[in-house]
Each structure stands twice: as C-alpha cells, then as structure tokens.
Amino acid sequence: MADDLSVVNGARVSFARHKTEMDDSDAGLIRFLMRERHGTPFEHNSFRFHIRAPIFVAREWFRHRIGSFNEFSMRYAKATEDFYVPEPDDVRSQVGKPGAYSFEPVEPDVAETTREELRSVYETAYATYERLVELGVARELARAVLPVGAYTEFYWTINARALMNFVSLRNSETAQREIRRYAEACEQFLAEKMPVTYAAFVANDRTAP
Ligand SMILES: Cc1cc2nc3c(=O)[nH]c(=O)nc-3n(C[C@H](O)[C@H](O)[C@H](O)COP(=O)(O)OP(=O)(O)OC[C@H]3O[C@@H](n4cnc5c(N)ncnc54)[C@H](O)[C@@H]3O)c2cc1C
C-alpha cells in the first residue's frame, strides 16, 4: 500500500498540484525532501507485515512506537510449541565493552551444546506449561514458564518514514543479529515498493527524514 507518488503528492499539495505518474522532477523532489529532512510527505502510505518472531525479538520491535501492532494472545489461545534455536553459525560469544561489543564465532562443540541446552529448556518449559493448563491453570498464568525464545506472531502496519527509522536502527551493525535479519527483509519491501525513496534514503546515509 505504498509508492513513491504518495510522497510526491503529499508534498505537491502545498501548491494544489497532483501527479499520476513519476517523472525526473518528482525524483528530484523526493531527494530534496530526504536531504532537507522534510519527513511528513513520507507518511502517506503504509506497509503491513505479518511477522513470526521469537519473543525477545518482538520486545525489541515493539519499542518502535510509530506504527500499529496486534499480537497473538497467550491469554486467549494456547501457546504453540515453537521455539528459536539458532543455527550453529549464529551461536556467538560477546567480546569487549557495552556499546562496543564484537560477536565472535564459537567452537563447534560450544555451538552444539548451546543448541542442545536451549532445546532441553524449551522442552521442559513447554511440558510444564501443558501440565499446568491440564490442571486447569489459566493460560494467562501458565505462560509465565515459557522463555523468551518462544515464537510469537503479530501484524505491524507502518508508514515509510517510520519504517526507514526502523531499518536504519535495526538493519545496522549495532543491532542484534536476530532482529537485523527481519529488518533486512522489511527493507527489501521498502526498496521494491518505493525505489526512489529508498535510493534517496541510502544516499542520505540511511538516516530517516
Ligand atoms: C542497537 C540498539 C540498542 C538499544 N538498546 C536499548 C536499551 O538498552 N534499553 C532500552 O530501553 N532501549 C534500547 N533500544 C531501543 C531504543 O531506545 C528505541 O526505543 C528504539 O530503537 C525505537 O526507536 P525510536 O524511538 O526512534 O522509534 P519510534 O518509537 O518508532 O519513534 C520514531 C521517531 O518518532 C519520534 N518519537 C516517538 N516517540 C516520541 C516521544 N515520546 N517523544 C519525542 N519524539 C518521539 C522520534 O523522532 C523517533 O525517532 C535500543 C535500540 C537499538 C537500535
């Protein structure tokens, strides 16, 4: 539900003008708006994503206040037995100081142990959850035993301006690898649906207007 023309028309309404097709002057206008940080014309569009992600990723995601969320409810529905186990290459160590960590690969046996430990905790946690639900404990309380590696699901609707802010922060070297993968995917949709806006964003050091 997004295109570059929505930016152009958002800006050109100042002069009571409306375009139905993009031309070079419109591309120039978008670059100008991006460079000068005239952000509001980038708000007249929307992207709706249907996301499945571990709870620890969703917690980071929900900090982005400009956008709308609706999430799967573990009060109303039974939790699924679906948990995040990183690929061996994604098991990493953390070296350095807060704010300047580097994340280094670990030995293969450490990666495998990590994966096994995670699986074991997930299995125990989910078995406990099921036992409590069977005993008649409310789902809203039984869920307390589930770890943040459990998957959740949500809809996220957002305009291009806030999406650029999101990808600028989360498709970044400093972001956690797991949310970064999602941000990379979101960014592809921005590039596909709004190519002129996207090119201007990249040319502007990936700073949202
Ligand atoms: C690498 C990284 C590490 C982080 N570490 C931590 C951490 O340790 N602890 C922690 O609590 N959070 C942390 N965060 C989350 C971070 O503080 C932000 O909450 C999150 O990135 C959302 O950014 P945002 O406010 O720009 O986005 P949005 O909430 O989507 O807001 C978009 C823009 O709208 C404007 N805006 C929104 N709300 C307000 C407001 N109330 N007042 C004024 N302007 C507003 C701002 O211009 C803002 O940039 C981290 C984020 C990153 C990327």
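The structure displayed is predicted, hence computed values, not measured ones. Numbering of ligands and ligand atoms starts at 1, following listing order.
Using a distance-only test at 3.5 Å, with no hydrogens or angles considered, a donor-acceptor pair links the side chain of Asp3 to the main chain of Ser6.
Under 3.5 Å, the side chains of Glu178 and Tyr84 contain a donor-acceptor pair of N or O atoms. One side chain, Ser25 or Asp23, offers a donor N or O that lies under 3.5 Å from an acceptor on the other.
Between Tyr126 and Tyr129, the ring-plane angle classifies as tilted under the 30° and 60° cut-offs.
Between Trp156 and Phe166, a ring centre-to-centre spacing shorter than 6.0 Å is recorded. You'll find the ring centres of Phe154 and Phe62 inside the 6.0 Å limit.
Under 4.0 Å from any atom of ligand 1, one finds heavy atoms of residues Arg63, His64, Arg65, Ile66, Asn165, Leu169, Arg170, Thr174.
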